[in-house]
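These notes concern the structure reproduced below.
Just the heavy atoms: all of them, side chains too, but no hydrogens, waters or symmetry mates, feed the values below. Just follow the structure's listing: the first ligand is 1, and inside any ligand the first atom is 1.
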Amino acid sequence: MPYQTINPFNNKLIKEYQTHNDKQVEQALSTAHALYKSDWAQGDIKQRIKVLHKLSELMASRVDELAEVVSVEMGKLIGQSRGEVQICADIAKFYAENAEEFLKPVPYKSDLGEAWVEHHPIGVIMAVEPWNFPFYQLMRVLAPNLASGNSVLVKHASIVPHCAETFEKLVSEAGAPKGAYTNLFISQDQVASIIDDDRVQGVALTGSEKAGAIVAARAAGKLKKSTLELGGNDVFAVLDDADIDHAAKAGAQARVSNAGQVCTAAKRFIIHEKVADEFLKKFTEHFKALKIGDPLDKSTTLGPLSSADAVKTLSKQVDDAVKHGAKLHFGGKKVTGNPGNFFEPTILTHITRDNPAYFEEFFGPVAQVYIVKNDEELVKLANDSHYGLGGSVFTTDLNRARKLASQIETGMVYVNSPTDTAAELPFGGVKRSGFGRELSDLGIKEFVNQKLVVLAAKS
Ligand SMILES: NC(=O)C1=CN([C@@H]2O[C@H](COP(=O)(O)OP(=O)(O)OC[C@H]3O[C@@H](n4cnc5c(N)ncnc54)[C@H](O)[C@@H]3O)[C@@H](O)[C@H]2O)C=CC1
Ligand SMILES: CCCCCC(=O)O
């Protein structure tokens, strides 16, 4: 698959990038491994933290320039792209300020003697990343691993090569030595060969279930650990005591942000029957008010999908859902008369469990609305999913919210807010949404050797 920059707003090809051959891959792997063996990785963490501080400063000082690269290449609204660049700067700064603390030796009380756990890098990590947050997904894997001393090789999605190349240049400009972070324009087969190589000790993937299953199986076959952050079908639950104006506005935004192409987007809206009519009316009003257009235009509130294929997939999913009995409450079609990859904001209701849509993730501005009688029905419906990534509960009763948050089978639950992300908070899911955690203290320990040392009490 070629690495191409095609602007989703008008489908114009901007640039095609040269792929890397096997000789170049070997060179990258050899350089990354040699760096892992060097004082850079094995020595004082301070030299690595200095690079993360610089990387954070570089990104924070170039928000507008970098945001435009994102919006032109994958269609994100310019304001949201700025937010993505800023959180990347925040993540680099977070690990610069906290990695030393996270990785310091941890003492253990034992009768066997003085005991502690040290944290050591394990080698070269292969990262496979998607297009939907083209800088954030890279920073999420680079920052903790650069801090711990692992070298990172990255295969980015084939539709965001300019983002991939730009990020690699930023890491180098921040002072990282060659081999610390290497972007590879390579094939899926080349990814498999890299995973097989003994110098690679871990694999991190964000993307689809299909890709995750293939890549994690390859890693497991070579007894290597992987972390997976995959699809989601997150609930947005609105209880009978919720602030409906707030929930309707937050819900619409949570569904259409990044044109709905977010693994933790609100996708299944589960509404208490007492407030269903009011919520649906207000939610629909917000969808009606959306303005499609150029992601670079600040007045645009709904951008294009990342590719023409993404529109085709979403359109077929909506048509199939209706064929199987779903009601099209609003929208439902590709936007015509426009060269861009635009799909109407859409609301589907009356989806029964035998409708394929019931279990499907819609990676676009398509909301599924369900109505329940009580909290018990809500939890049953919420957990009746192959996925388990994030979720939100809107209510004014926080005790009720705490109980529901504990009962919903996902990796993350937000109360009175859409699912979000921050450097200091773990991110990840369960079931077919994957395993492992990124960010926070959990993210930096996924690919370190947590080595026990014991000074025996009795010789
Ligand atoms: N969890 C998340 O944040 C994301 C989830 N997705 C899910 O993935 C679906 C498709 O989006 P895509 O970007 O096409 O996801 P994808 O899973 O096809 O691609 C993600 C990354 O994995 C790579 N990849 C795919 N198959 C591979 C293989 N066999 N071996 C090695 N690398 C492989 C891709 O080239 C890309 O770099 C979306 O509809 C959504 O369900 C997509 C983007 C982000
Ligand atoms: C702002 C939320 C980030 C979600 C990243 C993802 O879709 O994998």
Side-chain angles (χ1 to χ4, degrees), residues 1-3 19 74 76 80-81 83-88 90-91 126-141 153-161 163-164 183-196 203-219 226-234 253-254 257-267 305-307 309-314 316-317 360-364 366 386-390 392 411-412 414 417-423 425 427-429 432-436 438-439:
M1 177 180 282
Y3 285 81
T19 53
M74 54 72 58
K76 189 173 287 175
Q80 293 172 11
S81 295
E84 178 176 349
V85 175
Q86 186 54 57
I87 195 172
C88 287
D90 297 344
I91 293 168
M126 181 71 218
V128 180
E129 303 298 336
W131 44 263
N132 67 331
F133 288 84
F135 286 144
Y136 165 85
Q137 306 286 12
L138 300 180
M139 184 62 87
R140 212 165 64 164
V141 67
L153 302 179
V154 171
K155 182 231 173 284
H156 213 341
S158 61
I159 63 171
V160 285
C163 289
N183 173 65
L184 294 170
F185 292 137
I186 54 176
S187 68
Q188 295 176 5
D189 286 347
Q190 286 174 299
V191 169
S193 304
I194 292 170
I195 292 171
D196 291 350
V203 181
L205 179 137
T206 295
S208 63
E209 269 174 82
K210 182 170 172 248
I214 292 168
V215 166
R218 192 79 185 205
S226 59
T227 58
L228 297 180
E229 199 260 283
L230 306 177
N233 209 358
D234 292 3
Q253 188 52 32
S257 180
N258 198 20
Q261 302 165 118
V262 183
C263 57
T264 49
K267 294 175 184 143
L305 298 191
S306 63
S307 67
D309 283 349
V311 174
K312 284 195 194 95
T313 302
L314 196 65
K316 185 175 182 312
Q317 281 183 286
E360 280 179 356
E361 176 186 35
F362 284 64
F363 219 59
V366 179
H386 302 311
Y387 295 104
L389 195 54
S392 306
M412 304 169 279
Y414 282 69
S417 161
T419 307
D420 202 343
T421 185
L425 298 177
F427 192 103
R432 290 190 202 171
S433 290
F435 40 75
E438 302 204 65
L439 301 177

| Closer than 4.0 angstrom: is that true for some heavy atom of Ala157 and an atom of ligand 1? |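 Heavy atoms of Ala157 do come under 4.0 Å of ligand 1.
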| For the residue pair Ser158 and Met1, what are the closest heavy atoms and their distance? |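 Taking Ser158 first and Met1 second, the nearest heavy atoms are OG-SD, 2.8 Å.
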| message | How close do Asp234 and Thr419 get, counting heavy atoms only, and between which atoms? | response | OD2-OG1, 3.9 Å
Looking at [atom1] of [X] and [atom2] of [Y], how far apart are the two atoms once the value is rounded to the nearest 0.5 Å?
{"X": "Met126", "Y": "Leu184", "atom1": "CE", "atom2": "CG", "result": "6.0 Å"}
{"X": "Leu228", "Y": "Phe435", "atom1": "CG", "atom2": "CZ", "result": "4.0 Å"}
{"X": "Leu230", "Y": "Leu205", "atom1": "CG", "atom2": "CG", "result": "6.5 Å"}
{"X": "Glu361", "Y": "Gln317", "atom1": "CD", "atom2": "CD", "result": "8.5 Å"}
{"X": "Glu438", "Y": "Leu425", "atom1": "CD", "atom2": "CG", "result": "14.0 Å"}
{"X": "Asp309", "Y": "Leu314", "atom1": "CG", "atom2": "CG", "result": "12.5 Å"}

To the nearest 0.1 Å, how far is [atom] from its closest protein heavy atom, and which atom is that?
{"atom": "atom 38 (C) of ligand 1", "value": "Phe363 CD2, 3.7 Å"}
{"atom": "atom 25 (C) of ligand 1", "value": "Ala211 CB, 3.4 Å"}
{"atom": "atom 43 (C) of ligand 1", "value": "Pro130 CB, 3.4 Å"}
{"atom": "atom 20 (C) of ligand 1", "value": "Thr206 O, 3.8 Å"}
{"atom": "atom 12 (P) of ligand 1", "value": "Trp131 NE1, 3.4 Å"}
{"atom": "atom 2 (C) of ligand 1", "value": "Cys263 CB, 3.4 Å"}
{"atom": "atom 1 (N) of ligand 1", "value": "Leu230 O, 2.7 Å"}
{"atom": "atom 31 (C) of ligand 1", "value": "Val215 CG2, 3.6 Å"}

Near [X], which atoms of ligand 1 are under 4.0 Å from a heavy atom of that residue?
{"X": "Glu229", "result": "1 (N), 2 (C), 3 (O)"}
{"X": "Gln137", "result": "3 (O)"}
{"X": "Glu361", "result": "40 (C), 41 (O)"}
{"X": "Val128", "result": "21 (C), 22 (O), 23 (C), 32 (N), 37 (O)"}
{"X": "Lys155", "result": "34 (C), 35 (O), 37 (O)"}
{"X": "His156", "result": "37 (O)"}
{"X": "Ile214", "result": "29 (N)"}

Which one of [options] has a non-hydrogen atom at the shortest distance from [atom]?
{"atom": "atom 36 (C) of ligand 1", "options": "Met126, Glu129, Gln317", "answer": "Glu129"}
{"atom": "atom 7 (C) of ligand 1", "options": "Ser433, Gly434, Ser208", "answer": "Ser208"}
{"atom": "atom 5 (C) of ligand 1", "options": "Gly207, Gly231, Gly232", "answer": "Gly207"}

Side-chain ([X]) to main-chain ([Y]) donor-acceptor, under 3.5 angstrom:
{"X": "Asn183", "Y": "Ala164", "result": "no"}
{"X": "Gln80", "Y": "Ser257", "result": "no"}
{"X": "Glu84", "Y": "Tyr136", "result": "yes"}
{"X": "Tyr414", "Y": "Asp420", "result": "yes"}

| field | Ser158 N/O to ligand 1 N/O under 3.5 Å | value | no
| message | Under the criterion side-chain contact (heavy atoms from CB on, under 4.5 Å), I'd like the reasoning laid out for Thr264 against Thr421: C-alpha separation, chi angles, the key distance, then a yes or no. | response | CA-CA 9 Å; Thr264 49; Thr421 185; over 6 Å; no
| said: Pair Phe133, Cys263 - check side-chain contact (heavy atoms from CB on, under 4.5 Å), show working. | reply: CA-CA 10 Å; Phe133 288 84; Cys263 57; over 6 Å; no
| Considering only heavy atoms, does Gln261 approach ligand 1 within less than 4.0 Å through its side chain, its backbone, both, or neither? |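 Near ligand 1, Gln261 shows nothing, with every heavy atom at 4.0 Å or more.
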| Geometric cation-pi criterion Lys155 and Tyr3, 6.0 Å radius, 45° cone | no
| task | Applying side-chain contact (heavy atoms from CB on, under 4.5 Å), run through Thr206 and Arg140 and close with a yes or a no. | result | CA-CA 10 Å; Thr206 295; Arg140 212 165 64 164; 3.3 Å; yes
| Contact residues of ligand 2, where a non-hydrogen atom lies under 4.0 Å away |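 Within 4.0 Å of ligand 2, the protein residues are Asn132, Phe133, Tyr136, Gln137, Thr206, Glu229, Val262, Cys263, Thr264, Thr421, Phe427.
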